[in-house]
Amino acid sequence: MTKTALITGASKGLGRALAAELVRDGWTVIVNARSAEALAEAAAGLGPGVVTVPGDVTDPAHRDDLVRAVTEAGGIDLLVNNAGTLGTTPLPRLADQPLDDLEAAFRTNVTAPLALIQAFLPGLRERGGAILNISSDAAVKPYETWGGYGSTKAALEQLSHVLAAEEPGLAVWWVEPGDMRTDMLRASGEDADAAPPPEHAAAALRTLIEERRPSGRHRVADLANPTISEGSAQ
Ligand SMILES: NC(=O)c1ccc[n+]([C@@H]2O[C@H](COP(=O)([O-])OP(=O)(O)OC[C@H]3O[C@@H](n4cnc5c(N)ncnc54)[C@H](OP(=O)(O)O)[C@@H]3O)[C@@H](O)[C@H]2O)c1
């Protein structure tokens with residue numbers, strides 16, 4: 001039976017690269033992003049097997065559209081909460097963090113992923129499916145100016161950790177992808193051109209999914225270089 005995944009934020013960057021991996025493997029992949037035009041363009045480049053549902057993950061009506069798309073596809077095996085926001089840019093120190101921006105970032109990076117998890121849990125339980133939440137090293141490291149964004153990812157990680165304990169029948173992964181050459185890294189002010197392309201992380205995530213690694217926190221750096229990372233102190 002064809003497997004079905006929902007990947008949020010798949011018009012570019014990591015989401016699009018992971019969609020390409022899964023489509024190549026024969027999955028049906030449902031994708032979203034706020035820009036309908038960019039999403040349609042990305043999907044056209046991915047070939048058949050892609051279902052586009054443009055919209056904002058923070059919008060409950062859009063999430064209903066995603067539920068309808070999954071029902072039409074016959075169910076879901078994998079939910080990937082990839083869509084994310086940096087919040088305020090340029091990234092501010094915590095002393096200067098606008099609180100309304102922070103609340104909006106929590107809505108995109110934490111509340112919306114949980115809402116999608118809640119919507120799809122019954123279907124995922126039926127199929128013994130998997131949930132992949134895309135986190136960041138900023139969730140666990142004290143990088144100056146990354147405190148607002150990092151705190152949203154820390155919340156996403158803890159939510160994932162508890163979910164893994166509550167849902168032992170599912171695989172629940174929360175993954176640090178490492179720096180990737182994407183618009184998000186560019187917007188943060190980091191040297192995005194020095195980072196590997198998102199296809200590198202997507203290939204590592206494919207391994208995680210195909211091998212159905214145990215629930216838990218994973219790093220693309222370890223998945224991509226298992227022999228190097230084994231026994232490392234990180
Ligand atoms: N790039 C890095 O170095 C890096 C490092 C660590 C973690 N991450 C994480 O990796 C994930 C992917 O990041 P990326 O670098 O690939 O970002 P990206 O290239 O900026 O792509 C983000 C994607 O998400 C969509 N999106 C953003 N907000 C959305 C919303 N509210 N509803 C629906 N779609 C939305 C964007 O399309 P629209 O704008 O049209 O909605 C786009 O398709 C994020 O969770 C990010 O926090 C990235």
Side-chain angles (χ1 to χ4, degrees), residues 6-21 29-43 45-46 50 52-63 65-66 69 79-89 91 101 103-116 131-141 143 146 148-157 159-160 173-202 204-205 217-221 223-224:
L6 167 60
I7 305 177
T8 64
S11 63
K12 58 184 178 175
L14 179 61
R16 182 175 60 181
L18 182 58
E21 289 283 347
V29 184
I30 300 166
V31 291
N32 81 347
R34 290 165 301 181
S35 163
E37 204 183 329
L39 187 64
E41 244 176 65
L46 293 175
V50 180
T52 59
V53 187
D56 188 326
V57 286
T58 63
D59 175 3
H62 170 59
R63 294 197 297 263
D65 291 343
L66 293 173
L79 167 64
V80 183
N81 281 309
N82 167 75
T85 180
L86 287 172
T88 313
T89 52
L91 293 171
D101 283 5
E103 283 174 3
F106 266 92
R107 275 195 293 279
T108 302
N109 294 355
V110 184
T111 312
L114 179 57
L116 290 173
I131 295 171
L132 168 54
N133 292 328
I134 303 300
S135 184
S136 169
D137 50 339
V140 293
K141 300 226 176 97
Y143 300 133
W146 288 80
Y149 168 82
S151 66
T152 68
K153 291 297 190 180
L156 181 66
E157 293 212 0
L159 182 156
S160 307
W173 306 299
W174 52 107
V175 173
E176 178 187 312
D179 282 357
M180 298 177 291
R181 195 183 310 153
T182 68
D183 287 350
M184 180 182 273
L185 191 62
R186 221 159 270 128
S188 76
E190 296 289 316
D191 180 9
D193 291 335
E199 285 72 18
H200 170 83
L205 294 180
R217 187 175 203 276
H218 296 266
R219 296 166 71 236
V220 158
L223 292 162

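Every number for a ligand or one of its atoms is a count from 1 in the order of the listing. FYI, side chains are in, hydrogens and waters are out, and symmetry mates aren't considered; it's all heavy atoms of this structure.
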Can you find an N or O of Asn32 that's nearer than 3.5 Å to an N or O of ligand 1?
-> no
Step-by-step side-chain contact (heavy atoms from CB on, under 4.5 Å) determination, Trp173 to Leu205 = CA-CA 10 Å; Trp173 306 299; Leu205 294 180; over 6 Å; no
May I ask you to decide if Pro54's main-chain N or O and Asn32's side chain share a donor-acceptor pair within less than 3.5 Å?
-> no
Examine the proximity of ligand 1 to Ser11 and report which part, side chain or backbone, both or neither, has a heavy atom under 4.0 Å away.
-> both
Heavy-atom contacts under 4.0 Å between Ala187 and ligand 1: side chain, backbone, both, or neither?
-> neither
Looking only at distance, does Thr108 have an N or O less than 3.5 Å from an N or O of ligand 1?
-> no
Ser136 N/O to ligand 1 N/O under 3.5 Å = no
Rounding to 0.5 Å, atoms CZ (Arg16) and CG (Leu39) come to a distance of 10.5 Å
Could you tell me which atoms of ligand 1, counted from 1 in the order shown, lie closer than 4.0 angstrom to a heavy atom of Ser35?
-> 40 (O)
Between Gly15 and ligand 1, is there a nitrogen or oxygen pair with a distance under 3.5 Å?
-> no
List the closest protein heavy-atom neighbour of atom 10 (O) of ligand 1: residue, atom name, distance to the nearest 0.1 Å.
-> Ile134 CG2, 3.3 Å
Of all the non-hydrogen atoms in the protein, which one sits nearest to atom 5 (C) of ligand 1, and at what distance?
-> Gly178 O, 3.4 Å
Proximity of Lys153 to ligand 1 by residue part, where a heavy atom lies under 4.0 Å | side chain
For Lys12, the ligand 1 atoms whose distance to one of its heavy atoms is below 4.0 Å | 19 (O), 20 (O), 21 (O), 42 (C), 43 (O)
Any donor and acceptor pair, going by atom type alone, linking the side chain of Asn133 with main-chain N or O of Trp174 inside 3.5 Å?
-> no
Hey, which atoms in ligand 1 end up nearer than 4.0 Å to a heavy atom of Ala10?
-> 43 (O)
Would one find an N or O of Asp137, backbone or side chain, under 3.5 Å from an N or O of ligand 1?
-> no
Exam field: side chain Thr8 to backbone Asn82, donor-acceptor pair closer than 3.5 Å | yes
Euclidean distance, Asp101 CG relative to Leu86 CG, rounded to 0.5 Å | 11.5 Å
First locate atom CG of Leu14, then atom OG1 of Thr182, and finally report the distance between them rounded to the nearest 0.5 Å.
-> 8.5 Å
Does any N or O atom in Thr58 lie less than 3.5 angstrom from one in ligand 1, N or O only?
-> no
Pair Ser11-Val31, side-chain contact (heavy atoms from CB on, under 4.5 Å): steps then yes or no = CA-CA 8 Å; Ser11 63; Val31 291; over 6 Å; no
What atoms of ligand 1 come closer than 4.0 angstrom to any heavy atom of Met184?
-> 15 (O), 17 (O), 20 (O), 46 (C), 47 (O)
Would you find a donor on one side and an acceptor on the other, under 3.5 Å apart, between the side chain of Arg107 and the backbone of Ala112?
-> no
Could you tell me the residue and atom name of the protein heavy atom closest to atom 48 (C) of ligand 1, and the distance to it rounded to 0.1 Å?
-> Met180 CE, 3.4 Å
Closest heavy-atom pair, Pro177 versus Ile134, reported as atoms and distance to 0.1 Å, is CG-CG2, 4.0 Å
In terms of residue, atom name and distance, what is the protein heavy atom nearest to atom 34 (N) of ligand 1?
-> Ala33 CA, 3.5 Å
What residue and atom, counting heavy atoms only, is the protein's closest point to atom 12 (C) of ligand 1, and at what distance?
-> Asn82 OD1, 3.1 Å
Taking both backbone and side-chain atoms of Asp179, is any N or O found less than 3.5 Å from an N or O belonging to ligand 1?
-> no
Can you pull out the closest protein heavy atom to atom 24 (O) of ligand 1? Residue, atom name and distance to 0.1 Å, please.
-> Gly9 CA, 3.2 Å
Ligand-residue contact atoms, ligand 1 with Pro177, heavy atoms, under 4.0 Å | 6 (C), 7 (C), 8 (N)
Interfacing atoms of ligand 1 (cut-off 4.0 Å, heavy-atom, Tyr149) | 7 (C), 8 (N), 9 (C), 46 (C), 47 (O)
Please state whether Ala42 comes within less than 4.0 angstrom of ligand 1, counting heavy atoms only.
-> no
Identify the protein heavy atom lying closest to atom 39 (O) of ligand 1, giving its residue, its atom name and the separation to 0.1 Å.
-> Arg34 NH2, 2.9 Å
Heavy atom of Ala38, distance to ligand 1 below 4.0 Å | no
Applying a strict 4.0 Å limit to heavy atoms, is Gly55 in contact with ligand 1?
-> yes
Go through the steps to decide whether Val140 and Lys153 satisfy the test side-chain contact (heavy atoms from CB on, under 4.5 Å), and finish with yes or no.
-> CA-CA 9 Å; Val140 293; Lys153 291 297 190 180; over 6 Å; no
4.0 Å heavy-atom contact, Ser135 with ligand 1 = yes
Within-4.5 Å side-chain heavy-atom neighbours: Arg63 and Leu116 | yes
Name all residues meeting the side-chain contact (heavy atoms from CB on, under 4.5 Å) criterion together with Ala105; count only those two or more places apart in sequence or in a different chain, and write none if there are none.
-> Thr85, Thr152
Would you mind checking which non-hydrogen protein atom is closest to atom 32 (N) of ligand 1, with the distance to 0.1 Å?
-> Val57 N, 3.0 Å
Between Pro197 and Arg181, is any pair of side-chain heavy atoms under 4.5 Å apart?
-> yes
Would Tyr149 and Asn109 count as having a side-chain donor-acceptor pair, cut-off 3.5 Å?
-> no
For Leu14, the ligand 1 atoms whose distance to one of its heavy atoms is below 4.0 Å = 16 (O)
Student check: side-chain heavy atoms of Thr58 and Thr111 closer than 4.5 Å = no
For ligand 1, which atoms have a heavy atom of Gly13 less than 4.0 angstrom away?
-> 16 (O), 19 (O)
Can you find a pair of side-chain heavy atoms, one from Asp137 and one from Arg219, that are under 4.5 Å apart?
-> no
